[in-house]
Amino acid sequence: MTIFEKNDTKNLYHYTKASTAIEYILKNRNLQLSSMLKTNDPKESKNWGFELGTNEDVDLYKYNKDELSSKVDYFIKSSTYMLCFTKDNCLTGDYLQDLTRRGYGHSRMWAQYAENHSGICLIFNKELLEKNFFETFKYHIYFAQDINYIDRFIGGSDSSYIINVDYLEKSSLEEYALAHAETYKNRLFFEKLEDWKNENEYRFIIQGYKGNNLLFPFKNALKGIVFGASCLEGDIQNIVNLTHDMGIDYIQLKWKNCSPWYDFRKEFKASHT
């Protein structure tokens, strides 16, 4: 069973509302990627202020820096879509000690992303999820890697926020923006302040996409569902009915005084009514 897992690199976890899971994710068996413009981290969602630079003595004063910066910022973010997951942290195989180290064991994430413990957490096999993702988006620019957590402060030069006009003058503005994003992907897409580090995030990125409702069919990668401590019985039954043919594990967390714990008494069976 999932609760006895010792390999902390095997799974990825995604918190969501029960209604979202029932009406979209599990009904259609896909995940919707979110636009970078809609993230809850101001480091990503607020406007980036780019400086201008040149190695070839180009006259920088012929450019409107603020206008150019705004356009590059928009081209990058409006064409960047992401899926965010959390990971296990240093598992020992002792399910008593490991519970709060599990990707589904974060009380704050249950509160923030799963409707105050009334939602669910989806368990995906990382290897299968990556394989399906890369096959689905093989004609796009894609990345998948851990988030690095580091506090950076104002001051000093940072080439990731400098528009190199030498390259810009050799391509269209949109082409430059996408090339810049790919070059500095680690700083732009896979770095957050240390205040976020307990989320232990792993992120999938699609770059250069134009459109809406970018969907990812996860196919056989879903391996389990964890129900929040306040998940409604009706929602639990609907979710089991939607997924009973997938051969996945079901778990519910309940609170025992000061700690979450597994509800071993709970049985999960599909309803035939």
Side-chain angles (χ1 to χ4, degrees), residues 1-16 20-21 24-36 38-39 41 44 76-77 79-91 98 101-106 109 113-114 120-149 178 181-192 196-211 213-226 243 245-249 251:
M1 289 181 65
T2 296
I3 63 173
F4 301 113
E5 185 61 62
K6 295 182 181 180
N7 184 350
D8 48 39
T9 67
K10 182 178 180 180
N11 297 318
L12 294 173
Y13 305 84
H14 184 77
Y15 292 84
T16 187
T20 301
Y24 301 103
I25 296 175
L26 299 176
K27 178 181 178 181
N28 302 318
R29 301 196 178 180
N30 58 45
L31 292 164
Q32 181 170 353
L33 283 79
S34 299
S35 168
M36 190 172 188
K38 298 179 180 179
T39 64
D41 184 351
E44 298 172 336
I76 291 176
K77 293 178 182 175
S79 66
T80 300
Y81 287 76
M82 60 183 66
L83 275 173
C84 303
F85 301 87
T86 189
K87 304 175 296 178
D88 291 318
N89 184 29
C90 301
L91 300 182
D98 283 348
R101 300 173 182 173
R102 300 305 306 268
Y104 54 76
H106 302 295
M109 293 184 73
Y113 301 116
I120 68 171
C121 182
L122 302 167
I123 304 174
F124 293 97
N125 177 279
K126 180 175 181 285
E127 183 178 356
L128 291 175
L129 196 69
E130 287 181 330
K131 177 177 179 291
N132 294 338
F133 189 84
F134 298 153
E135 287 179 352
T136 300
F137 298 111
K138 59 185 176 183
Y139 298 114
H140 294 77
I141 300 170
Y142 58 77
F143 316 111
Q145 62 189 64
D146 293 334
I147 293 290
N148 181 40
Y149 298 97
L178 294 177
E182 185 170 3
T183 300
Y184 297 103
K185 64 181 176 67
N186 289 341
R187 287 281 280 109
L188 299 178
F189 305 140
F190 295 101
E191 184 176 293
K192 304 184 78 167
W196 297 91
K197 65 183 178 181
N198 287 337
E199 292 196 355
N200 200 21
E201 185 179 339
Y202 191 86
R203 179 176 285 183
F204 290 79
I205 291 281
I206 292 292
Q207 246 282 299
Y209 179 78
K210 295 180 180 179
N213 298 323
L214 185 57
L215 300 175
F216 165 46
F218 48 79
K219 299 178 183 177
N220 59 340
L222 182 65
K223 296 302 177 183
I225 296 175
V226 184
T243 58
D245 62 335
M246 300 179 72
I248 64 176
D249 288 341
I251 308 167

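Below, all heavy atoms of this structure are taken into account, side chains as well, without hydrogens, waters or symmetry copies.
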Just how far is it from atom [atom1] of [X] to atom [atom2] of [Y], taken to the nearest 0.5 Å?
X	Y	atom1	atom2	value
I248	L122	CD1	CG	8.0 Å
C121	I225	SG	CD1	10.0 Å
I205	F190	CD1	CZ	5.0 Å
Y13	T86	OH	OG1	9.0 Å
Q207	T80	CD	OG1	3.5 Å
E201	F85	CD	CZ	10.0 Å

So, [X] side chain and [Y] main chain: donor-acceptor pair closer than 3.5 Å or not?
X	Y	result
H14	C84	yes
K192	E44	no
D249	T2	yes
N148	E191	no

So [Y] and [X], do their side chains get closer than 4.5 Å, heavy atoms only?
X	Y	answer
W196	I147	no
F204	L12	yes
D8	D98	no
L33	Y209	no
F218	L83	no
D88	R101	no
S35	Y81	yes

Looking only at heavy atoms, what is the nearest atom pair of [X] and [Y], with distance?
X	Y	result
G208	L178	CA-CD2, 3.8 Å
Y15	G105	OH-N, 3.7 Å
L31	F124	CD1-CZ, 3.9 Å
I251	Y104	CD1-OH, 4.4 Å
T16	A21	CG2-CB, 4.1 Å

Next on the checklist: Show, in sequence, the C-alpha distance, side-chain angles and deciding distance for K126 and D146, and conclude whether the salt bridge (charged side-chain N to carboxylate O under 4.0 Å, His left out) test is met.
Outcome noted: CA-CA 12 Å; K126 180 175 181 285; D146 293 334; over 6 Å; no
Please say whether more than 12 non-hydrogen atoms of neighbouring residues, nucleotides or ligands are located less than 6.0 Å from [atom1] in [X].
X	atom1	result
Y149	OH	yes
Q145	CD	yes
K185	NZ	yes

Next on the checklist: Between E127 and K131 (salt bridge meaning N to carboxylate O under 4.0 Å), is one present in this structure?
Outcome noted: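 Salt bridge: no.
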Item to check | Audit row: F189, I76, side-chain contact (heavy atoms from CB on, under 4.5 Å) steps and yes/no | outcome: CA-CA 10 Å; F189 305 140; I76 291 176; 3.9 Å; yes
Next on the checklist: F134: which residues meet the ring-ring contact (aromatic ring centres under 6.0 Å, His included) condition with it, sequence neighbours left out?
Outcome noted: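 With sequence neighbours excluded, F134 shows a ring-ring contact (aromatic ring centres under 6.0 Å, His included) to Y142, given in chain and number order.
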Checklist entry - Taking the inter-plane angle between the rings of F216 and F133 on a 0 to 90° scale, is it parallel (under 30°), tilted (30 to 60°) or perpendicular (over 60°)? => result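 Perpendicular.
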Next on the checklist: Show, in sequence, the C-alpha distance, side-chain angles and deciding distance for E199 and H106, and conclude whether the side-chain contact (heavy atoms from CB on, under 4.5 Å) test is met.
Outcome noted: CA-CA 8 Å; E199 292 196 355; H106 302 295; over 6 Å; no
Next on the checklist: Looking only at the side chains, is there a donor atom on one of N132 and N220 sitting less than 3.5 Å from an acceptor on the other?
Outcome noted: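 Present: a donor and an acceptor within the cut-off.
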Checklist entry - Going through the checks in order, is the side-chain contact (heavy atoms from CB on, under 4.5 Å) test met by R102 and L91? => result CA-CA 8 Å; R102 300 305 306 268; L91 300 182; 3.4 Å; yes
